[in-house]
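Here's the structure we're looking at; comments come further down.
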Amino acid sequence: MVNRSALIDADSIVYICCANKKKYNENNEPIIDDLGEHVYEIKTLQQCKDLVDDMLKTIFKLTKSTHYLLFLTVGRGFRYNHYTEYKGNRKYSDRPEHFDKIKEYLITDWSAVYEHGLEADDLVKIYSNNIQGSFICSPDKDILSLEGSHYNYKTHKWITTTQDEAYDKFWTDMVTGQTGDNIKGIEGSGPKAAEGIKNAIGGTFRSRVFEAYVTRYGEYKGISEFYKNYNLLKILDDKDGLILKDPIKCDKDEFA
């Protein structure tokens, strides 16, 4: 039997399983409080744990996994050294109830892997480069944009990204930035500007993006901004000194 190792971005699982549900009335309409806000049903910690278990078992079953590894982001990664406002538009208060306890549960009960300084994105990419017969599982558009075939466990669909598509996505993001991570790109440049740079004559998409940074900011700041954003956006392929863990065999009970 050929091994199929599921390399799972568990950051998204924490949010999905901890997220509270809107309450609905008998007419299937959302219940609104006196301040005009939606009323939510708060999950218990055990309900969140049960959802994690069910979600992982479903992934194993639908992908026909024989082995798995889970990956989490713990602490502040190296990207904050390049830009202190990285992900600065996200609020700690936005984290759902039981967020930290479910992370702990994934580590203690499911042997989730984490590495200080790296994000789950980096770990799944590094491991996928080193484990034969592995595939990445995530709903994150940045991970799904990496070259290869990946499983989106939110939609239960396989996504295949070609080398050219992955290349174009990265250099487009270098122009437009990523609002979700508070990465600015080239100031004032959106998808149309990126498309124009991509389709221009002469050089490669990469070289033209570099030239666009220098044109916009001047040589010194342009080169500085280019490499800052490159370090923020680039998902690592490798990491010196990182000791890889072996995939865990899926128990037959996990498919029950």
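Every heavy atom of this structure was used, including side-chain atoms; hydrogens, water molecules and symmetry mates were not.
- You'll find the side chain of R79 stays beyond 4.5 Å of the side chain of N231, heavy atoms only.
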List the steps, then state whether salt bridge (Lys or Arg N to Asp or Glu O under 4.0 Å) holds for K192 with E195.
-> CA-CA 5 Å; K192 285 187 177 179; E195 188 71 15; over 6 Å; no
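- The minimum heavy-atom distance between C48 and C18, with the atom names listed, is SG-CA, 3.9 Å.
- Proximity of Y68 to I59: side-chain heavy atoms (C-beta onward) are nowhere separated by under 4.5 Å.
- Clustering ILVMFWY residues whenever any of their side-chain heavy atoms sit less than 4.5 angstrom apart, transitively, puts L51 in a cluster other than the one holding L70.
- Here the side chains of Y217 and E187 are in contact, with some heavy-atom distance below 4.5 Å.
- For the atom pair Y227 OH and L232 CG, the distance stands at 14.5 Å (nearest 0.5 Å).
- With hydrogens and angles disregarded, a donor-acceptor distance shorter than 3.5 Å links the side chain of T108 to the backbone of E104.
- Taking OG of S128 as the start and CZ of F135 as the end, the distance is 12.0 Å to the nearest 0.5 Å.
- A donor-acceptor pair is defined here as one N or O able to donate and one able to accept, closer than 3.5 Å; no such pair exists between the side chain of T160 and the backbone of S149.
- The environment of CD in Q46 is crowded: more than 12 heavy-atom neighbours from other residues, nucleotides or ligands sit within 6.0 Å.
- Between I131 atom CD1 and L244 atom CG the span is 6.5 Å, to the nearest 0.5 Å.
- Remark: the backbone N or O of E165 is not paired with any side-chain donor or acceptor of D168 at under 3.5 angstrom.
- Nearest heavy atoms, D246 versus L69: O-CD2, 3.6 Å.
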Intermediate values then yes/no, side chain to side chain contact (heavy atoms under 4.5 Å, CB included), N129 and D238 | CA-CA 8 Å; N129 288 343; D238 201 0; over 6 Å; no
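- At least one donor-acceptor pair closer than 3.5 Å links the side chain of K43 to the backbone N or O of C17.
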Decide side-chain hydrogen bond (donor to acceptor under 3.5 Å, both in side chains) for Q178 and D173; before the verdict, give the C-alpha distance in whole Å, the side-chain angles of both, and the deciding distance to 0.1 Å.
-> CA-CA 6 Å; Q178 288 181 353; D173 285 350; 2.9 Å; yes
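- In this structure, K141 places its NZ atom where more than 12 heavy-atom neighbours from other residues, nucleotides or ligands lie under 6.0 Å away.
- For the salt bridge (Lys or Arg N to Asp or Glu O under 4.0 Å) with D142, the lone residue among K234, K169, K125 that qualifies is K169.
- Here the closest heavy-atom approach between residue I143 and residue S138 is recorded as CD1-OG, 3.6 Å.
- Checking side-chain atoms of R208 against main-chain N and O of K198 turns up a donor-acceptor pair under 3.5 Å.
- Under a cut-off of 6.0 angstrom, the local environment of OH in Y114 is sparse, with at most 12 non-hydrogen atoms contributed by other residues, nucleotides or ligands.
- Using cut-offs of 30° and 60° for the angle between ring planes, the F226 and Y213 rings count as perpendicular.
- Residues Y151 and H156 have side chains in contact (heavy-atom distance under 4.5 Å, counting atoms from C-beta outward).
- In this structure, K103 contributes its side chain and T73 its backbone to a donor-acceptor pair below 3.5 Å.
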Could you walk me through whether W171 and T204 pass the side chain to side chain contact (heavy atoms under 4.5 Å, CB included) check?
-> CA-CA 10 Å; W171 292 108; T204 62; over 6 Å; no
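- Summarising the geometry of A6 relative to S65, their closest heavy-atom pair is CB-OG, 3.4 Å, with the distance given to 0.1 Å.
- You'll find the side chain of V14 reaches within 4.5 Å of the side chain of L72, heavy atoms only.
- Side-chain heavy atoms closer than 4.5 Å link hydrophobic residues (I, L, V, M, F, W, Y) into clusters, and following such links, even through other members, never connects W158 to L144.
- Closest non-hydrogen pair, N229 versus I183, comes out as OD1-CG2, 3.6 Å.
- The structure places CG of N152 at 9.0 Å from NZ of K157, a figure rounded to the nearest 0.5 Å.
- For the atom pair E97 CD and I42 CD1, the distance stands at 6.5 Å (nearest 0.5 Å).
- Taking the six-membered ring for Trp and the full ring otherwise, the centers of Y230 and F170 sit less than 6.0 Å from each other.
- In the displayed structure, N199 atom CG is contacted under 6.0 Å by more than 12 heavy atoms of other residues, nucleotides or ligands.
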Side chain to side chain contact (heavy atoms under 4.5 Å, CB included) between D9 and F71, worked out = CA-CA 5 Å; D9 160 28; F71 301 96; over 6 Å; no
Output, in order, the C-alpha distance, side-chain angles, deciding distance and verdict of side chain to side chain contact (heavy atoms under 4.5 Å, CB included) for D53 and W110.
-> CA-CA 9 Å; D53 295 344; W110 285 95; 3.0 Å; yes
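- Panel note: side chain T215, backbone A212; no donor-acceptor pair is recorded below 3.5 Å.
- Within the 4.5 Å cutoff, the side chain of I248 has no heavy atoms near those of the K245 side chain.
- The shortest side-chain heavy-atom distance between I8 and V124 does not fall under the 4.5 Å cut-off.
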Kindly determine whether D181 and Y83 satisfy side-chain hydrogen bond (donor to acceptor under 3.5 Å, both in side chains), including the steps that lead there.
-> CA-CA 11 Å; D181 288 338; Y83 183 45; over 6 Å; no
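- The hydrophobic clustering, which links ILVMFWY residues whose side-chain heavy atoms are closer than 4.5 Å, places V209 and I235 apart.
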Verdict with reasoning, K239 to E115, per salt bridge (Lys or Arg N to Asp or Glu O under 4.0 Å) = CA-CA 11 Å; K239 176 71 166 63; E115 185 75 19; over 6 Å; no
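- Under a 3.5 Å cut-off, the side chain of Y167 and the backbone N or O of E147 do not form any donor-acceptor pair.
- Of the listed residues (L56, T63, I13, T58), just one forms a side-chain contact (heavy atoms from CB on, under 4.5 Å) with Y153, and that residue is I13.
- The CG atom of N182 sits 11.0 Å away from atom NZ of K87, with the distance rounded to the nearest 0.5 Å.
- Hydrophobic clustering (ILVMFWY, side-chain heavy atoms < 4.5 Å, transitive): L233 and L118 are in distinct clusters.
- In this structure, L236 and I126 have side chains that are in contact, with non-hydrogen atoms separated by less than 4.5 Å.
- V74 and Y86 are assigned to two separate hydrophobic clusters, defined by single-linkage of ILVMFWY side chains at heavy-atom distances under 4.5 Å.
- The minimum heavy-atom distance linking T176 with A194 is given by the pair CG2-CB, 4.1 Å.
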